[in-house]
**Student:** 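Before anything else, here's the structure in question.
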There are 2 protein chains.
Amino acid sequence: MPEGLVTFPKATISRFPLYFRVLTEYNHQNIALVSSEEMAQKVGVTPSQLRKDLSYFGSLGIRGAGYDVAYLLTKIKEILGMDRKRRLGIIGAGKLGMALAGYSGLKQHGLEVSALFDTDQAKWGAINEQLTVFPLSELAVQRERLGLEIAVLTVPKVAAQRVAELAVEAGFAALWNFAPVRLEVPPEIIVQYEDIVVGILTLSHHLARKLGT
Amino acid sequence: MPEGLVTFPKATISRFPLYFRVLTEYNHQNIALVSSEEMAQKVGVTPSQLRKDLSYFGSLGIRGAGYDVAYLLTKIKEILGMDRKRRLGIIGAGKLGMALAGYSGLKQHGLEVSALFDTDQAKWGAINEQLTVFPLSELAVQRERLGLEIAVLTVPKVAAQRVAELAVEAGFAALWNFAPVRLEVPPEIIVQYEDIVVGILTLSHHLARKLGT
DNA sequence: TTGAGATTGTGAAATTAATCACAAGGGGAG
DNA sequence: CTCCCCTTGTGATTAATTTCACAATCTCAA
Ligand SMILES: NC(=O)c1ccc[n+]([C@@H]2O[C@H](COP(=O)([O-])OP(=O)(O)OC[C@H]3O[C@@H](n4cnc5c(N)ncnc54)[C@H](O)[C@@H]3O)[C@@H](O)[C@H]2O)c1
Ligand SMILES: NC(=O)c1ccc[n+]([C@@H]2O[C@H](COP(=O)([O-])OP(=O)(O)OC[C@H]3O[C@@H](n4cnc5c(N)ncnc54)[C@H](O)[C@@H]3O)[C@@H](O)[C@H]2O)c1
């Protein structure tokens, strides 16, 4: 089955990080082999959904036995692009930007925050041994120097479109946008939106339904 | 059409916050009437999807004319439970918890962070005029006193399950969980997961595909 | 008051996603 | 080496969601 031609539900990819997490746990517990049933239970999906999800990327299991934990981990890393380190530059060294810069969950997944950028002069300079906040004018130079691929947008929403354009000009291939606005960028640029308000308002809706507003 | 009986796609609700945002903009610009085509364009959905989404909640537009901005805003507020203020208690006054506590986007949607809780004694006390960090033992008392409904979990993942149980015991009706773990709670408790790693790994996958890993 | 023009609301059709159910192997006991 | 048991991989089926296309009906101008 030629991997490049298969199409699969968009939701499939969003389940892979969850598979990755439970596999990491099994690995820690020195469990070498796991069945789709056991794993699916832990993730909260059906076994057939798990098997179907994996099947889009080849025949990754062992019939009659289950899935080899270590092997499946390396395959999932490959699928999610975790087989090599990806470097992030955070634009907007404010409350959220600084929280993300100090979030260990990123490094655990091969994602390294390597620089921050801000227009506020007062924020420029080293934060610690590894991290420095640069002025925006350094965007292209530091991207090149540090090998940054992904720009994280944690600037106020009014600045987001302009900053996105600067990031594209500076050569970033992908944007991870936390500002609550839709960005206009060239089609070859990958954009991932992270909209926290959608989550809490979904919750609020359920709450309103349950309580009768 | 009896509102309570209609079923609709889960994704419908997650589009309402986006509709709300563009309507707020129209409102600011003193635009009173807007067509599904114009609005859909701005949000990034098809006009028929927008109309279908709204139709699940009644006949909210005016045939031949469009949607009345002010009216639709009040209806969407109702649907999303924004017609009254909801109070949040943040458990875990760390990097992310503090960022959320200072996030103006919440208040703009009728969501008010009214207290924080932490086990770390060094964090206890007032942050500013409005906000205080309490010890976890105060959870039930302060929930009652301040009218907190939603517990925001921004604690390390190893603590999340235990903290969720404490929040339920303390009488919270809903949990907004930022820790990367599935929570075991009674079925009547509403849980919304916010998993940032899913987003960035989805992006990483697209990047790997595009660049050939 | 009437008719032309516009845009909604919505069944039906098309598309996409999830589940089912079982044939196709692989493992291991004897 | 063989046979039985077990679990995967996957077509077929069912379910969910989106898109289509047009009848319904509202506005506005004359
Ligand atoms: N704080 C949160 O918890 C949270 C949650 C979800 C989304 N967001 C979104 O993230 C963004 C940042 O929020 P925040 O709370 O961290 O705000 P903040 O004000 O704390 O930080 C914004 C930072 O961006 C910098 N900045 C402003 N204009 C800039 C520009 N043109 N180029 C580079 N840097 C610029 C500011 O100097 C500041 O350091 C906002 O769009 C917000 O809606 C925040
Ligand atoms: N930092 C981020 O940008 C980010 C992003 C996404 C998700 N998260 C998740 O959010 C959670 C918090 O992350 P963080 O970076 O803010 O960590 P942090 O270490 O800065 O903050 C954690 C806070 O929780 C407190 N705490 C620990 N155990 C507790 C308990 N049992 N009860 C109450 N409070 C307790 C600690 O004292 C600390 O103040 C983690 O689960 C993390 O995976 C963080």
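Worth knowing before you read on, the calculation uses all heavy atoms, side chains too, and leaves out hydrogens, waters and symmetry mates. Reminder, nothing fancy here: chain letters follow the sequence lines and each chain counts from 1.
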**Student:** Look only at the side chain of A:Ser204 and the backbone of A:Ile200, and say whether a donor-acceptor pair between them is shorter than 3.5 Å.
**Tutor:** no
**Student:** Nearest whole Å is fine: how far is C:dA13 P from B:Gln49 CD?
**Tutor:** 20 Å
**Student:** So B:Leu60, base contact, sugar-phosphate only, or nothing? Heavy-atom distance under 4.0 Å.
**Tutor:** sugar-phosphate
**Student:** Given atom CG of B:Asp68 and atom C1' of C:dT8, what is their separation to the nearest angstrom?
**Tutor:** 14 Å
**Student:** I want to check one thing: is the phosphate of D:dG9, taken as OP1 and OP2, less than 4.0 Å away from some side-chain N or O of A:Ser59?
**Tutor:** yes
**Student:** Give the minimum heavy-atom separation between A:Ala167 and A:Leu175, together with the two atoms involved.
**Tutor:** CB-CD2, 3.9 Å
**Student:** Does the side chain of B:Ser36 get closer than 4.0 angstrom to OP1 or OP2 of C:dT8 through an N or O atom?
**Tutor:** yes
**Student:** Between B:Arg15 (CZ) and D:dT19 (P), how many Å, whole number?
**Tutor:** 8 Å
**Student:** Quick one: is C:dG9 close enough that its OP1 or OP2 comes under 4.0 Å of any side-chain N or O from B:Tyr67?
**Tutor:** yes
**Student:** Base, sugar-phosphate, or nothing: which does A:Thr12 touch, judged by heavy atoms less than 4.0 Å apart?
**Tutor:** nothing
**Student:** Distance check needed: D:dT7 C1' versus A:Leu72 CG, whole Å only.
**Tutor:** 15 Å
**Student:** Do any side-chain nitrogens or oxygens of A:Thr46 fall under 4.0 Å of OP1 or OP2 in C:dT19?
**Tutor:** yes
**Student:** Please determine if a side-chain N or O atom of A:Lys10 lies less than 4.0 Å away from the OP1 or OP2 oxygen of C:dA17.
**Tutor:** yes
**Student:** Sort out for me which residue in A:Lys85, A:Arg84, A:Arg87, A:Arg143 forms a salt bridge (Lys or Arg N to Asp or Glu O under 4.0 Å) with A:Glu149.
**Tutor:** A:Arg84
**Student:** Output the rounded distance in Å from CZ (A:Arg51) to P (C:dA24).
**Tutor:** 16 Å
**Student:** Return the value, rounded to whole Å, for the distance between atom OH of A:Tyr56 and atom C1' of D:dG11.
**Tutor:** 12 Å
**Student:** Pick one: which of B:Leu148, B:Ile90, B:Val133 meets side chain to side chain contact (heavy atoms under 4.5 Å, CB included) with B:Phe117?
**Tutor:** B:Leu148
**Student:** Rounded to whole Å, how long is the line connecting atom CZ of A:Arg63 with atom P of C:dG25?
**Tutor:** 6 Å
**Student:** For B:Gly64 and A:Ala65, find the nucleotide of DNA chain C closest to each by heavy atoms; which residue's nucleotide sits nearer the 5' end?
**Tutor:** B:Gly64
**Student:** Would you tell me whether B:Gln161 and B:Glu165 have side-chain atoms, one donor and one acceptor, within less than 3.5 Å of each other?
**Tutor:** yes
**Student:** Measure the distance from CD1 on A:Ile62 to P on C:dG26 and round it to the nearest whole Å.
**Tutor:** 10 Å
**Student:** When you match B:Pro9 and A:Gly66 each to their closest nucleotide on DNA chain D, which lands nearer the 5' end?
**Tutor:** A:Gly66
